[in-house]
Amino acid sequence: MVIFKKAADLQHFIDTKRAHQSVKLGFVPTMGALHEGHLSLIGASKKQKCLTVCSIFVNPTQFNDPEDFKKYPSTLDADTEALLGAGCDILFIPDILEIYPDGFDAVKSYSFAYLETIFEGAQRPGHFQGVGKVVARLLELVQPQVLFLGQKDAQQCLVIKELIKQMNWEHKTSVSIVPTVRNEQGLALSSRNLRLTEAEQKQALALYQSLQLIKAAKTSNNFEHAKQACIALLHQNNCELEYLALADAASLQPLSDFDTHKDMMAIIAARVGAVRLIDNLFI
Ligand code: AMP
């Protein structure tokens with residue numbers, strides 16, 4: 001695995017490879033503190049026989065909460081080892097000046113319409129603007145043929161697909177979405193789980209249990225009734241609910257009740273102690 005800090009060096013390396021052979025470049029953007037979820041994206045890229053680039057960059061513009069940014073875990077040595085083990089070809093670890101050489105405001109902003117007003121968009125004002133900026137910059141620098149994203153961040157997947165459309169890059173970069181990796185009990189792996197105590201990790205299982213409860217209610221109950229049971233479960237487990245909703249799986253437009261003619265998704269965000277967690281499930 002080769003490691004680059006400078007975009008120009010990364011681009012030179014990729015150009016040299018391309019000069020000698022046809023290369024399909026697979027790109028996995030991350031914020032580090034890597035776990036099996038991230039590594040499954042690397043695995044998906046390798047499976048598609050891509051020359052695989054992983055970036056680690058904790059993007060300040062997508063944190064609406066400065067404390068969350070400050071506390072974001074950093075485990076670069078372990079990340080490098082894990083990427084080596086997963087067969088990643090290239091690790092890109094830019095500093096902030098590589099990504100934002102002329103400041104944050106110099107990077108073009110994109111608008112994601114209703115996606116910025118629901119769920120994560122509503123709870124984290126400015127978050128998707130920041131995601132749009134960093135992903136647009138990274139795509140320009142890396143120029144991948146395939147971008148690998150995790151289903152765990154379902155709304156982010158839609159935002160990035162919309163970004164690629166607005167950049168007129170659909171012919172250049174396709175998006176491949178990889179299923180959520182969970183621990184044995186069902187907790188979705190997340191870098192933020194590192195900040196949960198052992199007791200909180202157990203309490204956090206209530207998020208996935210809620211999603212499953214909603215899935216089980218699909219044919220026998222109405223959504224509001226199922227949601228009330230989830231609220232009680234989350235409360236018992238000291239999880240402070242931000243939202244728990246039913247949505248059209250393709251658009252994430254909220255649904256008021258189960259509609260078995262549609263592909264649906266249950267989507268949740270809750271705080272467990274000081275840590276904010278999100279999850280979702282196709283139902
Ligand atoms: P992050 O480092 O949190 O920005 O995540 C980088 C990428 O990994 C994003 O595309 C996430 O959706 C994906 N990802 C994070 N957690 C998981 C997981 N548990 N399973 C699959 N993909 C994940």
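Order of appearance sets the numbers: ligands from 1, and atoms from 1 within every ligand.
- In terms of protein heavy atoms, atom 5 (O) of ligand 1 is closest to His38 NE2, 3.4 Å.
- Among the atoms of Ser191, none of the N or O lies under 3.5 angstrom from an N or O of ligand 1.
- Aromatic rings from Phe57 and Phe92 are positioned such that their centres are separated by 6.0 Å or more.
- Atom-to-atom distance recorded for Ile164:CD1 and His171:NE2 is 11.5 Å, nearest 0.5 angstrom.
- At the shortest separation from atom 11 (C) of ligand 1 among protein heavy atoms lies Asp153 OD2, 3.1 Å.
- The CZ atom of Phe27 sits 12.5 Å away from the CG atom of Leu51 when rounded to the nearest 0.5 Å.
- Close N/O approach between Ser190 and ligand 1 is not found [any backbone or side-chain N/O within under 3.5 Å].
- By the 4.0 Å N-to-carboxylate-O rule, Glu242 lies too far from Arg124 to be salt-bridged with it.
- Considering backbone and side-chain atoms together, Leu189 places an N or O closer than 3.5 Å to an N or O of ligand 1.
- Of the protein's non-hydrogen atoms, the one nearest atom 4 (O) of ligand 1 is Met31 CG, 3.7 Å.
- Note: an N/O pair closer than 3.5 Å links Gly150 and ligand 1 by distance alone.
- Not a single heavy atom of Gln151 sits under 4.0 Å from any atom of ligand 1.
- Neither side chain, Glu162 nor Tyr110, offers a donor N or O lying under 3.5 Å from an acceptor on the other.
- In this structure, Pro179 counts as a contact residue of ligand 1, since one of its heavy atoms falls inside 4.0 Å of the ligand.
- Geometrically, ligand 1 and Pro29 share no nitrogen or oxygen pair separated by less than 3.5 Å.
- Taking atom 3 (O) of ligand 1 as the reference point, the nearest protein heavy-atom neighbour is Tyr72 OH, 3.8 Å.
- Comment: Arg18 does not engage Asp15 in a salt bridge, judged by the lack of any side-chain N to carboxylate O separation of less than 4.0 angstrom.
- Among the candidates Arg271, Arg192, Arg276, the single residue satisfying the salt bridge (Lys or Arg N to Asp or Glu O under 4.0 Å) test with Asp68 is Arg192.
- Closest to atom 20 (N) of ligand 1 among all protein heavy atoms lies Val181 N, 2.9 Å.
- In this model, a donor atom of one side chain and an acceptor atom of the other lie less than 3.5 Å apart for Glu116 and Gln129.
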